[in-house]
Amino acid sequence: MKARTRFAPSPTGELHIGGVRTAVFAWLQARHTAGQFYIRLEDTDQERYTAGSARRILQTFDWLGMTLDGGPDHAELQHMKSDEDYPEALADGSFQGIPGPFVQSQRLPIYKQWAEWLVENGYAYRANETPEELDHMRKEAESRKEGFRFREEMRVRQEVRADEPHVIRMRILPRDGTTRFHDMIKGDVAFENANLDDQVILKQDGFPTYHLAVVVDDYTQGVTHVIRGDDWLPSAPKHVLLYQYLGWPLPVFAHVPNVLGPDGRKLSKRHGATSVFEFRDQGYLPEAVINFLAMLGWAPGQGDEQNIFTFDELFQKFSLEHVGSSPAVFEYTKLDWMNGVHIRKLAVDDLAKRLLPFLAQAGLPMDTDEKFQLLLRTIPLIQERLPKLTDAAPLIDFLVNDIETPPMEMLIGPKMEQHLSLHAMREARRVLAELPVFEESAIEPALRALGAELQLKPNQLFAIIRNAVSGKTVTPPLFGTLAVLGREVTLNRIDRAIAQLQTV
RNA sequence: GCCCCCAUCGUCUAGUGGACUAGGACGCGGCCCUUUCAAGGCCAAAACACGGGUUCGAAUCCCGUUGGGGGCACCA
């Protein structure tokens, strides 16, 4: 069965990584079944709207590589507020028969129409209690230590005309009884109708509340699987009732558990990065973020112990059935490992391109062809040393820029005296200068032979050469590094080290 | 307060009544490889929250307890 799923954020701020995880599940379910996945903006709360947030949400999906089959287009965003831009991915809007608009504020007449239908058919009624009256009722229930739920019987004014300001509330029917439904993740769930309240479905300002909007949109847009956070589970029975009133078939429900921080509390900013853009800026690959998020609460099951997945493998293996029902803790260390794995899988030129903005950011703009070639030659030396893209700059800066001549203590090898280091350094210089070709395959045997000749351990000779040419004690493998550095620069830096060692 | 959901190594999880001496991955520790750092290989420690049932047999089914989480708006 082809699934049509959606992600329906409200444009109220930064897209949270926990929300994105839910979106990943919905997206994978759609791709797994060769169905469709789209985005719908739930902007029915005019007061909470944050400018630019819609655009950033779309850019998030763009960066993650989560392809869409529908979503808000430029015109809609323009109409809504003044978002000046939107991702290229949506420009051609390859909508596959999903009826828009994809912004709820553009669909007001549709909600109005169904709300009135519900009133006419006895499933809803008009009410106009003031906020103060409602608040009073709520306080009173609280003082009696009872849960408050608004019911028709509590109305202050029984007759409310259609032409005076009012809201429309759904009627919970039957008044007592049980509403049951099946959830793909939680299983069979049941709610007593007596605990449900006559929820407002159309606000006085003419906007629907979430409950009406989500049901109307999901049905009219052909959503087959309602995949959302499990904080929605308690209101799901109201939605089930609305589907029944409207005579619409129920979609499949899948309420996915929350994502927690390492301390077991709901994931928030104080745990570290939570916005997708933060992960991007910290050097994580979209492949790794998606892989990691998919594995947070999902596993292939059936004895399959695979951890690292490509998008295609996820499309093939993902299944809502194997999404767990308990909340998962977001462990940053595992993301780091997974990111390293995905970095190692990248082709050299691909990795080079992805590294460019991070190198530039670190003051190493690789903006000439010569520099880019240098980067390409360096990548094999550093690729398996990069948990994150931000880790490249400190590994290669000495290849791009000149260095300070290292201090004396760095030029004296372990268990060596100054004069011995000086002698070794001079010999190394001589050997390197005499090499017919300055390549790794020539440098390595030459320096090893020298080490044996001088009766120095590898880490004695190699350490001082490393320090002399890089100014660092930790670098990519020495011989390859020297080759990339080139004979001229290498000898120059060794000469400076020799001069340093000659001082008293 | 009321309602709902959840419960396997520190973490992500496999497990759907017998193949469980509970498997894998991250992390942690050790060893190997090794010019540093990584990567890689090998080894180890590490869990079925508790109590009752059901059953010949329970991590798996039921009930309760405890502990976590969520919801109770003219917000989503």
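Values in this document were obtained by computation on a predicted structure and should not be read as measured data. Hydrogens, waters and symmetry mates play no part in the numbers below; they use all other heavy atoms, side chains included. Here is the naming used below: chain letters follow the sequence lines, and residue numbers restart at 1 for every chain.
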Please determine, for B/G67, whether a Watson-Crick or G-U wobble partner exists with both distances under 3.5 Å, and give it or none.
B/C6
So what does A/P9 hit on the nucleic acid, given a heavy-atom distance under 4.0 Å: a base, only sugar-phosphate, or nothing?
nothing
How would you label the contact of A/P476 with the nucleic acid (heavy atoms, under 4.0 Å): base, sugar-phosphate, or nothing?
base
Between B/C48 and B/C72, how far is it from one C1' atom to the other, in whole Å?
34 Å
Students often get this wrong, so: under 4.0 angstrom with heavy atoms, is A/Q204 touching a base, only sugar-phosphate, or nothing?
base
Between B/A45 and B/C31 - C1' atom distance, rounded Å
15 Å
What nucleic acid atoms does A/E129 come within less than 4.0 Å of, heavy atoms only: base, sugar-phosphate, or nothing?
base
Between B/U36 (C1') and A/I382 (CD1): distance, integer Å:
16 Å
Over all strands shown, is A/V214 touching base, sugar-phosphate only, or nothing at heavy-atom distances under 4.0 angstrom?
nothing
Would you please confirm or rule out a distance under 4.0 Å between OP1 or OP2 of B/C75 and any side-chain N or O of A/T209?
no
Assign A/F207 to base, sugar-phosphate, or nothing according to its heavy-atom contacts below 4.0 angstrom with the strands shown.
nothing
Could you tell me how far apart A/L381 (CG) and B/A39 (P) are, to the nearest whole angstrom?
16 Å
Send over the distance from A/D188 CG to B/C5 P, rounded to a whole Å.
11 Å
Any donor-acceptor pair, under 3.5 Å, between the side chain of A/R149 and the base of B/C72, if you only look at N and O atoms?
no
Could you run down the sub-3.5 Å N/O contacts of the protein with nucleotides 59-64 of chain B?
none

Which part of the nucleic acid, if any, lies within reach of A/P414 when heavy atoms closer than 4.0 Å are counted: base, sugar-phosphate only, or nothing?
nothing
Indicate, with a heavy-atom threshold strictly under 4.0 Å, whether A/V200 touches base, sugar-phosphate, or nothing.
sugar-phosphate
Distance, rounded to the nearest Å, where A/L202 contributes CG and B/A76 contributes P
11 Å
Length of the CG-P vector between A/L260 and B/C12, whole Å:
8 Å
Rounded distance in Å - CG (A/D197) to P (B/C3)
15 Å
Base B/C5 paired with A/K186 side chain (donor-acceptor, <3.5 Å):
no
Under 4.0 angstrom, heavy atoms only, what part of the nucleic acid is A/L233 near: base, sugar-phosphate, or nothing?
sugar-phosphate
Quick one: is A/R169 getting a side-chain N or O under 4.0 Å of the B/C74 phosphate, OP1 or OP2?
yes
Hey, does the side chain of A/S325 come within less than 4.0 Å of B/C5's phosphate (OP1/OP2), counting only N and O?
no
Remember a base hit wins even if backbone is also touched, and classify A/F148 as base, sugar-phosphate or nothing at under 4.0 Å, heavy atoms.
sugar-phosphate
Rounded off to whole Å, could you give me the CG-to-C1' distance for the A/N258 and B/C12 pair?
16 Å
Looking at every strand, decide which applies to A/R144 at a 4.0 Å heavy-atom threshold: base, sugar-phosphate, or nothing.
nothing
Using atom P of each nucleotide, how far apart are B/C6 and B/C63 to the nearest Å?
12 Å
With heavy atoms under 4.0 Å as the rule, sort A/A328 into base, sugar-phosphate or nothing.
sugar-phosphate
Side-chain N,O (A/K203) to OP1/OP2 (B/C75) below 4.0 Å:
yes
Can you tell me if A/R138 touches the phosphate of B/A73, counting only side-chain N or O atoms and a distance under 4.0 Å to OP1 or OP2?
yes
Which of A/T481, A/T475, A/V469 passes side-chain contact (heavy atoms from CB on, under 4.5 Å) with A/L399? It is A/T481
Do the side-chain N or O atoms of A/R265 get closer than 4.0 angstrom to the phosphate oxygens (OP1, OP2) of B/G68?
no
Under 4.0 Å, counting only non-hydrogen atoms across every strand here, what does A/K266 touch: a base, just sugar-phosphate, or nothing?
sugar-phosphate
Just checking A/G297: base, sugar-phosphate only, or nothing, at a heavy-atom cut-off of under 4.0 Å?
sugar-phosphate
